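Let me begin by presenting the structure, written as structure tokens, before commenting on it.
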Amino acid sequence: MEYRHKDIEQRWQQFWKDNKTYKTEIDNGRPKFYVLDMFPYPSGAGLHVGHPLGYIASDIFARYKRLRGFNVLHPMGYDAYGLPAEQYAIQTGQHPEVTTRENIARYRSQLDRIGFCYDWDREIRTCDPGYYKWTQWAFIEMFNHYYDTALNKAMPVASLVGHFEEKGSDGINAAATKTLHFTADQWKAMDEKQKSDTLMNYRIAYLGNTMVNWCPKLGTVLANDEVSEGVSVRGGYPVEQKLMYQWCLRVSAYAPRLLDDLDSVAWSDSIKETQRNWIGRSEGAEMQFKVKDSDVEMTIFTTRADTVFGVTFMVLAPESKYVDMITTADMRDAVKAYRDEIKHKTERERMIDKKVSGVFTGTYAVNPLSGKEIPIYVSDYVLAGYGTGAIMAVPAHDSRDYAFARHFNLPVIPLIEGADVSEQSFDAKEGKMINSCGPELDLNGMDVKDAIAATKKFIEEKGIGKIKVNYRLRDAIFSRQRYWGEPFPVYYKDGVPHMFGLDNLPLHLPEIDKYLPTESGEPPLGRAEGWKTQEGWPLELNTMPGFAGSSAYYLRYMDPHNDNELVSAEANGYWRNVDLYVGGTEHATGHLIYSRFWNKFLYDLGKVCENEPFRKLVNQGMIQGRSNFVYRIKDTNTFVSFNLKKGYDVTPIHVDVNIVSNDQLDLDAFRKWRPEYADAEFILEDGKYICGWAVEKMSKSMFNVVNPDDIVERYGADTLRLYEMFLGPIEQSKPWDTNGIDGVNRFIKKLWNLFYKGDTLLVNDEKPSDEALKSIHKLIKKVTADIENFSYNTSVSAFMICVNELGALKCHSREVLADLLVLLAPFAPHVSEELWHAIGNGGTICDAQWPQWDEKYLKEANVNYPVSFNGKPRFNISVPADMPAQEVQKLALENEAAAKWIEGKTVRKVIVVPGKIVNVVVG
RNA sequence: GGUCGAAUGGUGGAAUGGUAGACACGAAGGACUUAAAAUCCUUUGGCCAUUGCGGCUGUGUGGGUUCGAGUCCCACUUCGACUACCA
């Protein structure tokens, strides 16, 4: 029998399906293990060979854990809402649901061919009503809760209302949009609308007027993580700032916990660091600056309280509320002109335009420590959304303030000894303070760090300001002016928002005629006939953003068909949270923050039992494309081979990598590829046409997309799986290069040849030789350690070595080969299963037991090698790590081989490095 | 600008501080074959020596720690990823 991958893989995939081999149930008798992939957005282009990388890695781990006796939950589903389907719908009129369903079917068929061990009975799609019911439910719960900053958890809004009725706003500990002051009587006097507006200030899901990233081209608002460098991540369209009334989630309330709990998860340092930066904790002080000849006091935030004596001006964000309060009559026109100019600039234009701009308000403030008067400016380099939207400018020690000061010719006062500020600011927080003495506070001579502390203490005592921790993390904007997303379970009664009851969920997405905004500029849902409650109250027209459906999906897999709860306490109590999460780093500041927030919120409500959703995170690298080029001689249809192109004037042209093999072009296929190449001529080297290559993004336009289906067709899923792992470390980005896949394919054939010669099964029950046992036990040890460390590439190498060794030893022992198959089963499940049955096993290899290595087969002589060192002969002996130094020295002197080596020479020195090695230097 | 990471043959990549280049691809030579494919064997970092079985050199650059550094420390160069007017 020959190795026929198609036959084998099809047969076992069917077997697993028929026998529901991968169906998972709660089993209190076994420990659980939850392995999860970031579920894909089913795009129209289908999977390319880069997508399954992470899926294969997690599949190996899931299969491995199962072989080690764990009850493994390994589900898959689809992040089905999203912009591309909607854009496609706008262009073609096709319902996004239709295209989404088609795309999912395509994904599924591609995934199925690779042989994953998913429990497909647990599949979820975010656009299924049975799923988004719970997305809507979570939103309602967020609406009904506020964040208590003293208890550090979400609490029901009802208890807040109780407090208001007794004491008004006095003594509340609630995360809020702004600080409100009202008495119990004032609260009671409010009408329904006023009460609603007041509570919005505290709700975790709230309606607020916020500065949003508005993308005119997409006609929708985008979250911060959906915008990069001033353009939309999807589509790359310009994004501008706009004040809009939107649903928001008070993610910022969770900032301290999101930051602190990073310490408790096993994620890579780099992704934790990315989240820390995104959350952006900074310790500083809020300080009051009085405006001259006015009652207005402006609050600013600074992390450099020590530099207050160097403040030579102040700057307000153009959107700051203070601007209108303080601008003098004669400056009003200039300020208005500046603000209008800024408003019409997109975020991108603001960023590209690094020119300093701003305008004087005509007003002065008073430095609270020095008493000096300083001018107040408006400039767009101060952001409305961070801190208080107002700053004290210290040009000597902040580069942005410095640029502004130079442009407007404002004074620069250095505050640190020896700082040269003639060319640029001195931003470092080090040195001794100078020029920092006021009527009540003298910082001169202090170290910067001490000065910061001293100033903070002083301003707090004097009531000029207070110590404040600021976070960069903003609340998430939760409204999208789109069709293809979860509808909000919200209706408006006389303009006041109300939530649906759980009994009325899910609120289904309505049908509409076109997927465009209405004539009056309302979101697409404005087109839906009868989009109102039975009583006639209008429903919310926005839909939820992409991250809504993906924030709690890992919980739903635990109990996907439960119609009464997101997840039952039993299912959640058993599966708890994700033990291993595999996915790309691109979600560091989006999905991975939102999910953690969402989970913490549900944790506060007692709905889930773990504080963090993902224990361990592995970020697989991106697979880039490897493009091939042919070189056409200018103005001809002649192509010159790569190494001969010198001396010709050539144009490199991308050529489809699928008609190139080992960088050698298939000439006939090339002529057939496109009509204009039908009569192409070639200048060959050694009878071959060799193509050039480059690493680029994998995309259709570069003709470097490799479809996993083609690889599976030609080499089989097992080869694809092994080869993807063999390419290199899982976390590293690397180009896909089909060159080399033959080596892995050869390995499987060699493995096959250990079992079969022709149709004869070679396997016997003879006792394996010591060498064979050593080889297999070495492999067991290596593969076990590698899987635990995700070093799958070296595992594949280890398999190759072992199979080569067993082949050379002519070992066909059932005992050894059975172990080999179990080890290989996570990597190449089909061929392992096939051979597992061939050697007389029943059931499925998925239920086999992971073998254990025995050190006795691995013993090495502890004497190594003579080497030279600095010209002096030397002898090294390896010793066990825990051997005491004295014994090591004794061993070295008694060692037979060492003695032989030392014989006749003078022992100059015996160097004992405890636990490591002994060097006997002779000479 | 900030943060993190990387740099090893023609290529992908191995090396708990202990014989650098495992394994694989590619290449060269050979066996089998009428021939090709497939398969198998040998060689393969560089330089020198190859009827002397060996010698020298070598992990981006320069320093340091160490008996010993690809690995640890410092500085630099280059590349990549993420992020960015966050006061």
Side-chain angles (χ1 to χ4, degrees), chain A residues 225 228-230 268-278 280-282 284 300-305 307 315 317 347 350-351 354 356 379-383 385-394 397-401 403-404 427 470-474 585-586 588-589 619 621-622 624 626 662-664 693 695 722-723 726-729 731-744 746-747 749-750 753 785 791 793-802 804 807 864-870 872 874 876-878 881 908-913 915-921:
Chain A
D225 70 285
S228 182
E229 302 192 348
S268 71
D269 289 340
S270 76
I271 205 150
K272 282 191 191 179
E273 195 59 26
T274 304
Q275 285 213 347
R276 284 194 192 102
N277 291 341
W278 188 259
R281 182 180 197 273
S282 64
I300 60 97
F301 176 74
T302 181
T303 54
R304 292 296 300 275
T307 59
V315 187
E347 177 98 334
R350 277 207 211 180
M351 271 165 35
K354 295 267 182 197
V356 176
S379 173
D380 68 346
Y381 84 88
V382 174
L383 305 175
Y386 183 76
T388 61
I391 62 153
M392 60 178 216
V394 187
H397 302 290
D398 182 286
S399 55
R400 294 152 303 179
D401 296 345
F404 194 86
D427 291 11
N470 247 330
Y471 294 90
R472 204 180 74 103
L473 185 72
R474 313 290 164 82
T585 43
E586 66 272 20
T589 55
N619 300 112
M622 291 261 282
Q624 296 136 306
R626 185 179 188 275
N662 284 342
D663 290 334
Q664 187 185 339
W693 61 273
V695 173
L722 281 165
Y723 187 56
F726 183 66
L727 272 177
E731 307 211 334
Q732 191 174 304
S733 285
K734 57 232 158 190
W736 174 267
D737 182 358
T738 310
N739 298 347
I741 196 167
D742 288 327
V744 171
R746 251 169 238 157
F747 155 73
K749 288 179 187 160
K750 283 182 196 170
N753 291 337
S791 310
N793 57 329
T794 52
S795 264
V796 178
S797 295
F799 278 116
M800 291 176 175
I801 294 169
C802 182
N804 280 339
N864 280 348
Y865 42 84
V867 291
S868 73
F869 153 68
N870 282 356
K872 286 171 206 134
R874 198 171 57 130
N876 287 359
I877 304 167
S878 315
R908 295 263 296 261
K909 195 152 81 172
V910 177
I911 302 153
V912 179
V913 183
K916 293 289 174 190
I917 215 97
V918 185
N919 292 316
V920 182
V921 181

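Bear in mind the structure is a predicted one, so any value in this text is a computation, not a measurement. In the text below, chain A, chain B and the rest are named by the order of the sequence lines, each starting its count at 1.
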Exercise for the section: Check whether any side-chain N or O of A/Arg746 sits under 4.0 Å from OP1 or OP2 of B/C25, and answer yes or no. Expected result: yes
Practice task
Check whether any side-chain heavy atom of A/Asp398 lies under 4.5 Å from a side-chain heavy atom of A/Arg304, and answer yes or no.
Solution key: no
Practice task
Enter syn or anti for the glycosidic conformation of B/G9, syn applying to angles within 90° of 0.
Solution key: syn
Problem - Nucleotide of B/U3, B/C25, B/A87 approaching A/Asn277 most closely (side-chain heavy atoms) - result: B/U3
Problem - Option among A/Thr307, A/Val382, A/Ile391 that satisfies the side-chain contact (heavy atoms from CB on, under 4.5 Å) test with A/Asp401 - result: A/Ile391
Problem - Options B/U83, B/C4, B/A87, nucleotide nearest the side-chain atoms of A/Glu273 - result: B/C4
Fill in the blank from the handout: Assert: residue with more 5' nearest nucleotide on RNA chain B, out of A/Thr589 and A/Ile391, is A/Thr589
Practice task
Would you classify A/Lys272 as touching base, sugar-phosphate or nothing, given that sugar-phosphate means primed atoms plus P, OP1 and OP2, and contacts are heavy atoms under 4.0 Å?
Solution key: nothing
Exercise for the section: Please list every stem that involves RNA chain B, where a stem is a run of 3 or more consecutive Watson-Crick or G-U wobble pairs with both pairing distances under 3.5 Å. Expected result: B:1-7 with B:77-83, B:10-12 with B:23-25, B:26-31 with B:39-44, B:45-48 with B:54-57, B:60-64 with B:72-76
Completion exercise
A/Arg276 CZ to B/U3 P, in whole Å, measures 15 Å
Practice task
Return the value, rounded to whole Å, for the distance between atom NZ of A/Lys750 and atom P of B/C23.
Solution key: 11 Å
Handout entry: Nearest heavy-atom neighbours spanning A/Gln624 and A/Ser733
Key = OE1-C, 3.9 Å
Exercise for the section: Compare the minimum distances between each of B/C86, B/A87, B/A15 and the side chain of A/Thr302, then state the nucleotide with the smallest one. Expected result: B/A87
Practice task
Between B/U3 and B/G55, how far apart are the C1' atoms? Round to whole Å, please.
Solution key: 48 Å
Handout entry: Interatomic distance, A/Gln732 atom CD to A/Leu727 atom CG [nearest 0.5 angstrom]
Key = 10.0 Å
Problem - C1' spacing across the pair B/U19 / B/G58, given as an integer number of angstrom - result: 14 Å
Fill in the blank from the handout: Walking RNA chain B from its 5' end, the first of A/Asp742 and A/Gly389 to be reached, judged by nearest nucleotide, is A/Asp742
Problem - Inter-nucleotide C1' distance (B/G10, B/A27), Å rounded - result: 8 Å
Handout entry: Residue pair A/Ala317 / A/Leu383: nearest heavy atoms and the distance that separates them
Key = CB-C, 3.8 Å
Fill in the blank from the handout: Separation of B/C40 atom P from A/Asn753 atom CG, nearest Å, is 8 Å
Exercise for the section: Report yes or no: does A/Arg474 contribute a side-chain atom to a donor-acceptor pair with the main-chain N or O of A/Arg472 at less than 3.5 Å? Expected result: yes
Exercise for the section: Taking atom P in both B/U77 and B/C23, compute the distance separating them and give it to the nearest angstrom. Expected result: 38 Å
Exercise for the section: For nucleotides B/G63 and B/G26, find the distance between their C1' atoms and express it as a whole number of Å. Expected result: 38 Å
Practice task
Mind calculating the distance between CD (A/Gln664) and P (B/G26) to the nearest angstrom?
Solution key: 12 Å
Exercise for the section: Give a yes/no on whether any side-chain N or O of A/Tyr471 is located under 4.0 angstrom from OP1 or OP2 of B/C86. Expected result: no
Handout entry: Close side-chain approach of A/Val744 to A/Met800, heavy-atom, < 4.5 Å
Key = yes
Problem - For A/Ser268 against A/Asn619, the heavy-atom pair lying closest together - result: OG-OD1, 3.9 Å
Fill in the blank from the handout: Rounded to the nearest 0.5 Å, the CZ atom of A/Arg400 sits from the OG atom of A/Ser379 at a distance of 11.0 Å
Practice task
Measure the acute angle between the ring planes of A/Tyr723 and A/Trp736, then classify it against the limits of 30° and 60° as parallel, tilted or perpendicular.
Solution key: perpendicular
Handout entry: Whole-angstrom distance between B/C48 and B/U42, as gauged at atom P
Key = 26 Å
Problem - Nearest heavy-atom neighbours spanning A/Ala588 and A/Thr274 - result: CB-CG2, 3.9 Å
Practice task
Would you mind classifying the nucleic acid contact of A/Ile801 as base, sugar-phosphate or nothing, using non-hydrogen atoms under 4.0 angstrom?
Solution key: sugar-phosphate
Practice task
Considering only atom C1', compute the distance from B/G70 to B/U8 and round it to an integer number of Å.
Solution key: 7 Å
Exercise for the section: Quick one: label A/Asn804 by what it contacts on the DNA or RNA (base, sugar-phosphate, nothing), any heavy atom closer than 4.0 Å. Expected result: sugar-phosphate
Exercise for the section: Specify whether A/Tyr386 and A/Phe301 have parallel, tilted or perpendicular ring planes, treating 30° as the upper limit for parallel and 60° as the lower limit for perpendicular. Expected result: perpendicular
Taking only nitrogen or oxygen atoms into account, show me every contact under 3.5 Å that the protein makes with nucleotides 11-13 of chain B, one pair per line with its distance.
from, atom 1, to, atom 2, distance (Å)
B/G12, O2', A/Leu727, O, 2.7
B/G13, OP1, A/Gln732, NE2, 2.7
B/G13, O3', A/Asn793, ND2, 3.3

Exercise for the section: Nearest whole angstrom, please: distance from the P of B/A81 to the CD of A/Glu731. Expected result: 17 Å
Exercise for the section: Quote, to the nearest angstrom, the P distance that separates B/A22 from B/U44. Expected result: 10 Å
Practice task
May I have the distance from A/Asn739 (atom CG) to B/G10 (atom C1'), rounded to whole angstrom?
Solution key: 12 Å
Practice task
Figure out the CD1/P separation between A/Ile271 and B/C4, and round it to whole Å.
Solution key: 15 Å
Exercise for the section: Check the distance between B/C25's P and A/Phe747's CZ and give it to me in whole angstrom. Expected result: 13 Å
Problem - Donor-acceptor pair (no angle test) under 3.5 Å: A/Arg281 side chain, B/C86 base - result: no
